[in-house]
Asker: 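If you scroll down you'll find the structure; I have some questions about it.
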Amino acid sequence: LKGLLPTRSPTYGRAMAETRMLTRVAQPLCLVAAAALALVSVNSRAFIGPLSIPSETNLGLGAVGALQSPLPRAAPQVPLRGDTSPGVAAFVASTVLAAAALARAGTARGRVTRRANLVATRPDQAIPWWDRLVKSTLEPGIGIWAEKLNMTRIFEERDGEWKQVPCTILVVKRGGNVVTEKKWPERHGYYSVQVGYDRFVPDEKDMEKLGPMVRTLKNNDLPPMKKLKEFRVRPQDWEKWEVGQKVVPSEIFEEGDLVDVHSRSKGKGFMGTIRRYGNKQGPMTHGSKHHRRVGSVAAGTDPGRVLPRHHMPGWMGDRQHTQKNLRIVKVIDGIDEDNMPETIILVEGTVAGYTARTEAGGSYVYLHKKKNPHDGRFKRDPVWMWYAKKGEDQDLYAPIPRKAWTWKTLWGRDTRWVASEVKKYWPDGFPGYDHSDDPFYDGCDPRLAIKAPEW
């Protein structure tokens, strides 16, 4: 159906939607045409051979064949001597099938595809508001895998006083973290680096579940690994890593950095609302029979149902948890002693998961630097008008706070999205252009770009 589609189909999803729409329209048309041929055969008192009605599986190919190829050669005409039953039977069968196909096409449900985001290719192209919405993404940068060992306390001097700080001990076993895969926009649509951890030798049972992963790592000359995680990175960071390269924690994290630690919480089983949500219990004396029960869950007549997200007993724990903005207290890397991990990282505060109290070890966690939405990327819009204070000692290129107007859209698209798409392919800017006054690039002149920190 490639030749029948419009030439300006922007996305694969929209092209597939148009293909299905064309197929849905072509099926009844083919059946109606078959019924017309049968009617002609009845009127001419001649029988035209058996009709070929495309099924649902090969409907697209049948429609293309009917539109692009000449009509098939009809079977030899056999004169009917006073008997029109074959033609009448073909006509009735074709009419019934055509009516069924039309009814099926008219009542089809669940076939509306999701409208893909459109890219304006000309200034006069109208983009609907739901396609102009942009979901901003923050690349956390490359991270590492680790295991939760236990908790401890250390003493730090703060404001002239010594205070004890609770810390969680995270360890990286020997072998460390290794880059297992890289992704780039030309093939995958974004920049990312996949990191693997904890090598192992899979058995037959493991190969049933992890077979594709093991074969992919084998193609990259890497051993099987228990944990894999993909980290979105910026183009300038993507170029620093290669497949098979070891990720050294001390090269990424320093003491005082804020990190986000992702782990899985302890499973506590089926719990009531008092333990699960901290609800209060009822009276324990004076004949009360409402001690730890749930209580009322909804009104009777109106709304007459239990509203969503109502606190009820259920399974507690064993869920993915993220502890944000934990400060790194200490990083000890390059440990070369027997029965010791390769790296020890101390983070202030608690981390969800099990401690290493058994031979199985503690819970797996992965951490990366915290996402910083205030690094300037969301307020570097091209300025087209601003207010500034008057006076000889005033800077006319410093706008008054909240008195600067910027270009938010370009042909119906968010300017930040346009800049991010350009940076995927040209991190240093579009070749041949001067970016000294472009606020989306760090090398621009603050005065020409009106990039004042106040706004």
Asker: Below 4.0 angstrom, N of the basic side chain to O of the carboxylate: do Asp237 and Arg234 qualify?
Answerer: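 No salt bridge links Asp237 with Arg234.
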
Asker: Taking the side chain as everything from C-beta on, heavy atoms only, tell me whether Lys371 gets closer than 4.5 Å to Pro140.
Answerer: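 SC-SC contact between Lys371 and Pro140 confirmed.
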
Asker: Shortest non-hydrogen contact from Val214 to Pro202?
Answerer: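 The answer is CG2-CG, 4.5 Å.
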
Asker: Looking at every non-hydrogen atom in both residues, tell me the closest pair between Val351 and Thr168 and how far apart they are.
Answerer: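 Looking at all heavy atoms of both residues, the closest pair is N-OG1, 3.6 Å.
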
Asker: Under 6.0 Å from the ring centre and within 45 degrees of the ring axis: does the NZ or CZ of Lys423 meet both conditions for the six-membered ring of Tyr441?
Answerer: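 Judged by the rule, Lys423 and Tyr441 form a cation-pi pair.
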
Asker: If you draw a 6.0 Å radius around CZ in Arg158, do more than 12 non-hydrogen atoms from other residues or ligands fall strictly inside?
Answerer: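 Correct, the count exceeds 12.
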
Asker: Less than 4.5 Å apart, any side-chain heavy atom of Leu326 and any of Leu258?
Answerer: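 No, every pair of side-chain atoms sits at 4.5 Å or beyond.
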
Asker: Is Val243 close to Thr180 at the side-chain level, that is, under 4.5 Å between some pair of heavy atoms?
Answerer: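 A side-chain contact is absent here, since even the closest heavy-atom pair is not under 4.5 Å.
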
Asker: Between Tyr433 and His435, what is the ring plane arrangement, given parallel below 30°, perpendicular above 60°, and tilted in between?
Answerer: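 The rings of Tyr433 and His435 sit tilted, inter-plane angle from 30° to 60°.
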
Asker: Report the residue from Val247, Val195, Val179 that forms a side chain to side chain contact (heavy atoms under 4.5 Å, CB included) with Phe231.
Answerer: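 Result for side chain to side chain contact (heavy atoms under 4.5 Å, CB included) with Phe231: Val195.
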
Asker: Do Tyr197 and Trp145 pass the ring pair (Phe, Tyr, Trp, His ring centres under 6.0 Å) test, and can you show the C-alpha distance, the side-chain angles, and the key distance before you say yes or no?
Answerer: CA-CA 6 Å; Tyr197 175 72; Trp145 283 96; 7.1 Å; no

Asker: Check this for me, if you would: do Arg264 and Asp318 make a salt bridge, where the nitrogen-to-carboxylate-oxygen distance has to be below 4.0 angstrom?
Answerer: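 Salt bridge flag = yes for Asp318 with Arg264.
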
Asker: Taking atom CH2 of Trp241 and atom NZ of Lys182, what is their separation to the nearest 0.5 Å?
Answerer: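 With rounding to 0.5 Å, CH2 (Trp241) is 10.5 Å from NZ (Lys182).
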
Asker: Determine whether Trp238 and Val193 make a side-chain contact, defined as any pair of heavy atoms from C-beta on separated by less than 4.5 Å.
Answerer: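 Side chain of Trp238 against side chain of Val193, heavy atoms only: contact under 4.5 Å found.
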
Asker: Using a 6.0 Å distance limit plus a 45 degree cone around the ring axis, check whether Arg232 lies over the aromatic ring of Tyr190.
Answerer: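 Yes, Arg232 and Tyr190 form such a contact.
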
Asker: Taking all non-hydrogen atoms of both residues, which atom of Leu367 and which atom of Leu170 are closest, and how far apart?
Answerer: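 Scanning both residues, the minimum pair turns out to be CD2-CD1, 4.4 Å.
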
Asker: Which residues satisfy the side-chain contact (heavy atoms from CB on, under 4.5 Å) test with Asp333, sequence neighbours excluded?
Answerer: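 Result, side-chain contact (heavy atoms from CB on, under 4.5 Å) vs Asp333: Val248, Pro249, Ser250, Thr343.
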
Asker: Locate the shortest heavy-atom distance separating Ala352 from His321; write the atom from each residue and the value.
Answerer: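 Shortest heavy-atom separation between Ala352 and His321 comes out as CB-CD2, 3.8 Å.
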
Asker: In chain order, what residues pass the side-chain hydrogen bond (donor to acceptor under 3.5 Å, both in side chains) check against Asp159, with sequence neighbours excluded?
Answerer: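 Asp159 satisfies side-chain hydrogen bond (donor to acceptor under 3.5 Å, both in side chains) with no other residue.
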
Asker: Kindly compute the distance separating CD (Glu254) from CD (Glu251), expressed to the nearest 0.5 Å.
Answerer: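 The CD atom of Glu254 sits 11.0 Å away from the CD atom of Glu251.
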
Asker: Assess, by modelled atom type and distance only, whether the side chains of Thr322 and His262 contain a donor and an acceptor separated by less than 3.5 Å.
Answerer: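 Their side chains do contain a donor-acceptor pair, which is all the 3.5 Å distance test asks for.
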
Asker: Please report the closest heavy-atom contact between Leu228 and Gly196, naming both atoms and the distance.
Answerer: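 That closest heavy-atom pairing would be CD2-CA, 3.5 Å.
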
Asker: Any chance you could measure Arg215, atom CZ, to Lys218, atom NZ, to the nearest 0.5 Å?
Answerer: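 Between atom CZ of Arg215 and atom NZ of Lys218 there are 10.0 Å.
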
Asker: Between Glu342 and Lys246, is there a side-chain N and carboxylate O pair less than 4.0 Å apart?
Answerer: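 Salt bridge: yes.
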
Asker: Determine whether more than 12 heavy atoms belonging to other residues, nucleotides or ligands lie under 6.0 Å from atom OH of Tyr425.
Answerer: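 Above 12, so yes.
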
Asker: Can you tell me if Asn219 has over 12 outside heavy atoms packed within less than 6.0 Å of its CG?
Answerer: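 Counting neighbours around CG of Asn219, more than 12 heavy atoms of other residues, nucleotides or ligands fall under 6.0 Å, so yes.
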
Asker: Please assess Glu156 against Arg327 for the test salt bridge (charged side-chain N to carboxylate O under 4.0 Å, His left out), listing each intermediate value before the final yes or no.
Answerer: CA-CA 13 Å; Glu156 285 187 345; Arg327 182 175 62 92; 3.0 Å; yes

Asker: Do Asp198 and Lys173 meet the salt-bridge criterion of a basic N to acidic O distance under 4.0 Å?
Answerer: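 Salt bridge: yes.
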
Asker: According to the side chain to side chain donor-acceptor pair (under 3.5 Å) rule, which pairs have a member within residues 275-293, sequence neighbours left out?
Answerer: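 Not a single pair qualifies under side chain to side chain donor-acceptor pair (under 3.5 Å).
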
Asker: Within a radius of less than 6.0 Å around CH2 of Trp405, do more than 12 heavy atoms belonging to other residues, nucleotides or ligands occur?
Answerer: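 Counting other residues, nucleotides and ligands, CH2 of Trp405 exceeds 12 neighbours.
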
